[in-house]
There are 2 protein chains.
Amino acid sequence: MEQKRATIGDVAKRAGVSITTVSRVLNKNYPVKEATRQKVEEAIEILDFKPNLLARGLIHNRTQTIGILTPSIENLFFSEVVKGIDSAIKANGYTAFLGNTEGDSDQEKLMIDNMKNRSVDGIIAINPRTNNIKSGYYEALSKQIPLIIINGYNRGIHCNYVLNDGEVGALEAFRYLYECGHREIAFLRGQVSYSYDVKEDMYKQFCKDYHLTYRHENILVVEDGNGLETVEQSKALVEQILRKQSGLTSLFACNDWMAVGALNAAKSLGITVPDDFSIIGFDNTIISQITEPRLTTVDQSMSRLGQISGKRICELIEGKSSENKKIVIETKLLKRESVGQVNR
Amino acid sequence: MEQKRATIGDVAKRAGVSITTVSRVLNKNYPVKEATRQKVEEAIEILDFKPNLLARGLIHNRTQTIGILTPSIENLFFSEVVKGIDSAIKANGYTAFLGNTEGDSDQEKLMIDNMKNRSVDGIIAINPRTNNIKSGYYEALSKQIPLIIINGYNRGIHCNYVLNDGEVGALEAFRYLYECGHREIAFLRGQVSYSYDVKEDMYKQFCKDYHLTYRHENILVVEDGNGLETVEQSKALVEQILRKQSGLTSLFACNDWMAVGALNAAKSLGITVPDDFSIIGFDNTIISQITEPRLTTVDQSMSRLGQISGKRICELIEGKSSENKKIVIETKLLKRESVGQVNR
DNA sequence: TTGTAAGCGTTATCAG
DNA sequence: CTGATAACGCTTACAA
């Protein structure tokens with residue numbers, strides 16, 4: 001195998017010039033006589049020469065490479081974000097290294113080390129573990145290498161953040177339920193993530209502001225919020241509460257998977273959505289559009305989230321921007337069919 | 001920013017030994033006196049030294065890196081495969097480069113060039129364009145670098161293939177419909193992909209073997225089989241045919257998205273699935289489990305597909321295997337609720 | 001306009 | 001057991 005690639009030296013020999021000259025026609029950074037350029041380009045063509053990016057990277061300490069960390073790529077939410085990042089950085093000539101962390105904070109650090117050792121030019125961490133943010137790990141990291149945190153945030157920790165306005169999005173959702181007459185709203189979340197915390201805070205706030213009694217038993221927590229099991233787990237939890245809590249008229253889910261689980265729970269109990277029970281999701285992943293009834297949900301425009309992050313990391317790398325920024329992207333409530341008026 | 005990383009030279013200086021010695025304790029490939037090892041390790045610790053993988057790669061021409069090409073990462077099918085690959089190669093110490101090709105055959109080549117320039121040790125192409133296979137492009141590539149093609153195949157083209165037994169899977173599905181009494185079966189596919197072709201061939205074969213009249217108008221082709229629009233397009237096509245073709249009792253879809261589109265079409269026309277119309281999908285992506293009714297579909301165990309490919313590419317790289325192989329993974333028909341008996 | 005030589009951070013070869 | 005030194009493929013002063 002491996003009939004080895006031509007090097008710049010081979011080209012130089014073939015064209016009868018020095019290595020330097022070849023480098024110059026390659027990079028177009030110094031004048032070269034038209035005739036020699038022709039010769040060199042010919043040789044490049046014939047030998048099918050392509051510069052070795054490793055060697056270049058070694059010199060410049062720039063690899064045109066960006067590391068992306070995700071808790072689980074097989075989750076629609078994350079993969080759409082990754083897609084957005086990829087398209088944005090590709091436009092700037094970068095290629096992505098991918099790392100699945102399984103939502104484990106140690107793996108997260110390990111993968112980051114790995115990326116640093118590979119001399120990536122920047123790192124984007126999607127939904128990183130909050131403890132790594134709080135501990136200052138990311139803040140320290142961001143002093144070594146351009147870094148962006150997507151959907152994670154901690155006040156007082158200085159980093160570059162790009163996130164959805166989960167607070168506003170959630171609040172809008174709660175208000176909408178309220179307007180539809182709902183007064184008993186369950187809250188369904190995953191165990192650990194900044195984004196869940198934010199929404200739960202808003203939920204409490206909302207209860208207070210709207211003079212609703214906050215009931216601890218209305219907070220439902222699924223173990224894993226991103227894996228494929230989320231739907232099943234959510235279904236089980238919601239079935240359970242629907243059986244005993246007869247006063248409940250609606251539910252807010254922190255993501256669409258959970259909402260689907262809730263939907264299925266209602267179905268299996270013969271409860272009609274939205275007539276007897278209302279459900280609101282979050283994320284506007286494609287599944288929210290294909291359920292029956294289609295889910296009312298909050299659009300996060302994941303791919304835009306990714307694109308903005310991708311663009312921003314390139315700016316950071318190229319030094320076009322230096323201070324830390326917190327970019328908040330607006331969400332939008334999409335009213336579809338899973339929420340209805342309370343009938344009294 | 002960029003307070004620069006310690007190099008092996010810094011470690012050597014600090015430990016008072018030569019660079020060579022440091023390299024030796026790093027790689028444990030030559031004996032080093034216990035005392036010196038201690039000194040060196042101490043220095044490594046203090047300086048937080050991590051070897052530069054670029055430099056290593058330059059020497060060994062091995063980067064512990066694998067390039068993955070996918071038509072679109074935000075598609076559940078592909079992202080599950082990627083996940084499988086990632087977990088398998090990670091176990092062998094490799095990291096993944098990711099490239100989205102948008103299903104475009106030129107982009108595919110471009111991305112592959114990019115990966116080669118980055119000295120990846122191997123390449124895995126998921127659902128690559130058939131024309132690139134047929135043209136011999138991939139066969140030539142596989143002589144230069146370890147390569148695996150997932151879900152693509154061309155008889156006479158020598159490459160390493162890993163694929164699902166779409167033929168058997170599809171046949172099993174057709175037979176099942178037949179057993180349930182269906183005699184008028186529509187076939188829904190995407191425009192261009194090896195996997196669609198295989199299934200359509202089986203469909204024709206099936207019609208012949210079971211003495212069903214093959215009707216050209218029963219072949220439905222959506223433009224894009226993998227994008228987010230697939231569901232909508234499928235819905236439109238199926239609505240159309242259901243309106244005019246009253247004899248139709250069932251439909252086979254080449255993937256679950258298309259099946260969902262079909263499901264929605266039936267719903268919008270007030271046709272009950274499976275009582276009045278049966279639908280069968282393919283892939284067993286998570287959505288097939290959350291539709292109502294749940295989709296009868298063919299399980300491809302995507303993540304296993306990825307894992308096997310990941311393992312195999314590592315073998316190829318490490319020279320444990322050399323000849324080309326075609327690994328075929330069995331599929332399994334999952335009977336759920338979207339297919340029913342024909343009522344006469 | 002072109003070439004020589006040093007250097008990026010490692011590992012491998014060859015002496016000691 | 002240890003240390004110079006060349007080499008990997010490329011870029012970039014510095015010279016010519």
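Chain letters run A, B, ... following the sequence lines, proteins first and then strands; every chain starts at 1. Values below: every heavy atom of this structure, side chains too, minus hydrogens, waters and symmetry copies. Because the structure is predicted, anything quoted here is derived from the model rather than measured.
Whole-Å rounding puts the A/Gln64 CD to D/dT11 P distance at 13 Å. Regarding B/Leu58, its CG atom lies at a distance of 12 Å from the P atom of C/dG9, rounded to whole Å. For the pair A/Asn52 CG and D/dC8 C1', the computed distance is 9 Å after rounding to whole Å. If you measure from atom CG of B/Asn61 to atom C1' of C/dT10, you get 14 Å, rounded to the nearest angstrom. Rounded to an integer number of Å, the gap from CZ of A/Arg24 to C1' of D/dT11 is 10 Å. Atom P of nucleotide D/dC8 and atom CZ of B/Arg118 are separated by 23 Å, given to the nearest angstrom. Rounding to whole angstrom units, CD of residue A/Gln38 and P of C/dT2 are separated by 12 Å. Between the CG atom of B/Asn117 and the C1' atom of D/dG9 there is a distance of 13 Å, rounded to whole Å.
A/Ser23 comes within 4.0 angstrom of a nucleotide base, judged by non-hydrogen atoms across all strands. Using a 4.0 Å heavy-atom criterion, one finds that A/Thr20 contacts the bases of the nucleic acid, with or without backbone contacts as well. Counting any heavy atom pair closer than 4.0 Å across all strands shown, A/Thr7 reaches sugar-phosphate atoms only and no base atom. The residue B/Ile19 sits close to a base: some heavy atom pair falls under 4.0 Å.
A close approach under 4.0 Å does occur between a side-chain nitrogen or oxygen of B/Asn29 and OP1 or OP2 of C/dA12. Checking the phosphate oxygens (OP1, OP2) of D/dC1, no side-chain nitrogen or oxygen of B/Thr36 falls inside 4.0 Å. Between A/Ser18 and C/dT4 there is no side-chain polar atom (N or O) within less than 4.0 angstrom of OP1 or OP2. Contact annotation: A/Arg56 reaches the phosphate of D/dT11 (side-chain N/O to OP1 or OP2, under 4.0 Å).
Between B/Lys83 and B/Glu80 there is no salt bridge, since no side-chain nitrogen of the basic residue lies less than 4.0 Å from a carboxylate oxygen of the acidic one. Ion pairing of B/Arg37 with B/Glu41 is present here, as a side-chain N (NZ or NE/NH1/NH2) and a carboxylate O approach within less than 4.0 Å.
With hydrogens and angles ignored, the 3.5 Å screen pairs a side-chain donor or acceptor of B/Ser135 with a backbone N or O of B/Asn131. No donor-acceptor distance shorter than 3.5 angstrom exists from the side chain of B/Ser142 to the backbone of B/Cys159, with no hydrogens or angles considered. With hydrogens and angles ignored, the 3.5 Å screen pairs a side-chain donor or acceptor of A/Asn75 with a backbone N or O of A/Phe77.
Between B/Ile59 and B/Thr21, the residue anchored closer to the 5' end of DNA chain D is B/Thr21, taking for each the nucleotide with the nearest heavy atom. Ranked by how close their nearest DNA chain C nucleotide is to the 5' end, B/Gly9 and A/Gly16 are led by A/Gly16.
In terms of polar N and O atoms assigned as donor or acceptor, the side chain of A/Arg5 never comes within less than 3.5 Å of the base of D/dG9 in a complementary pairing.
For B/His60, the side-chain atoms get nearest to C/dT11 when compared with the rest of C/dG9, C/dT11, C/dT2. Among the nucleotides C/dT10, D/dT2, D/dC10, the one closest to any side-chain atom of B/Ile8 is C/dT10. Nearest nucleotide to the side chain of A/Asn27, out of C/dG9, C/dT10, D/dT11: D/dT11.
Side-chain contact of A/Arg118 with A/Thr65: a donor-acceptor pair under 3.5 Å is absent, judged by distance alone.
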